[in-house]
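Nothing here was measured: the structure is a model prediction, and the numbers come from that model.
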Amino acid sequence: MLPKVDDGSKSLKHTEKRLALASDAGVKEIVVTPHLYKAQPEHLFKVKRAYTLMSMRAKRYGIELYLGYETMFEHVKKLDAAKYCFKWPKQLKVLLLEFNTRKYPKDADAFIYGCIERGITPMIAHPERYGFVQDDINMLSYLKGYGCLVQVDAGAFELPFYSKERKTAQALLSAGLI
């Protein structure tokens, strides 16, 4: 929803079309989650400027925008994670957490547990891409047991049937893990 920011929309016009479609579908809230990119000040400034502009435009469509960030575990573990949370749903403080696609980090459990102790709910971003989840979807049961939420990229369901990402996303959906 943030035009020309990160992997957001291509233009303001494109975002306006997305807002109209969302409004027509009855959407009332949207969380925008650009990548954090090591919290570089120039990137954060660009994100906040685009978010402010789009928040005003979204209100015209009856939509409330929330700002969060997709945070790479290796970077956010060195920062104050609470600064990059968003409040949604039901006013939870949510941290959208992305991992390296190959291996679950040894120190991730301690970080996740620490977040939960501080009232932050980690949301695991697009686990269908992670080899460690593709090999064993029970890994997400384990993380959900901690209190994590799980978010799958809707585009995974449009991939070819033989795609590991699609198969994993479908298995996660069937297992009620997302």
**OP:** Not counting sequence neighbours, which residues clear side chain to side chain contact (heavy atoms under 4.5 Å, CB included) with Asp107? List them please.
**Re:** Phe73, Lys77, Pro105
Subject >> Min side-chain heavy-atom separation Val27-Tyr61 under 4.5 Å >> reply: no
Original post:
Pairs in or reaching into residues 139-150: which pass side-chain hydrogen bond (donor to acceptor under 3.5 Å, both in side chains), with residues at least two apart or in two chains?
Top reply: Asp109-Tyr142
Original post:
Heavy atoms, side chains only, cut-off 4.5 Å: are Met54 and Leu67 in contact?
Top reply: no
**OP:** Measure the shortest side-chain to side-chain distance between Val31 and Leu96 over non-hydrogen atoms and say whether it is less than 4.5 angstrom.
**Re:** no
Solution key, residues 119-129 side-chain donor-acceptor pairs under 3.5 Å, sequence neighbours excluded:
| residue | atom | partner | partner atom | Å |
| --- | --- | --- | --- | --- |
| His126 | NE2 | Glu70 | OE2 | 2.7 |
| His126 | NE2 | Arg129 | NH1 | 3.3 |
| Glu128 | OE2 | Asp153 | N | 3.2 |
| Arg129 | NH2 | Asp153 | OD2 | 2.8 |

Subject >> Donor-acceptor contact below 3.5 Å, side chain Tyr51 vs main chain Leu65 >> reply: yes
Subject >> Polar side-chain atom of Thr52 near backbone of Lys48 as donor-acceptor pair, under 3.5 Å >> reply: yes
Original post:
Residues two or more places apart in sequence or in another chain: which of them pass side chain to side chain contact (heavy atoms under 4.5 Å, CB included) with Pro160?
Top reply: Tyr162, Ser163
Subject >> Pairing residues for Lys13 by the side chain to side chain contact (heavy atoms under 4.5 Å, CB included) criterion, not counting sequence neighbours >> reply: Ser11, Lys17
**OP:** Could I get the full list of salt bridge (charged side-chain N to carboxylate O under 4.0 Å, His left out) partners for Glu16, not counting sequence neighbours?
**Re:** Arg57
Original post:
Taking the six-membered ring for Trp, are the ring centroids of Phe132 and Tyr104 within less than 6.0 Å of each other?
Top reply: yes
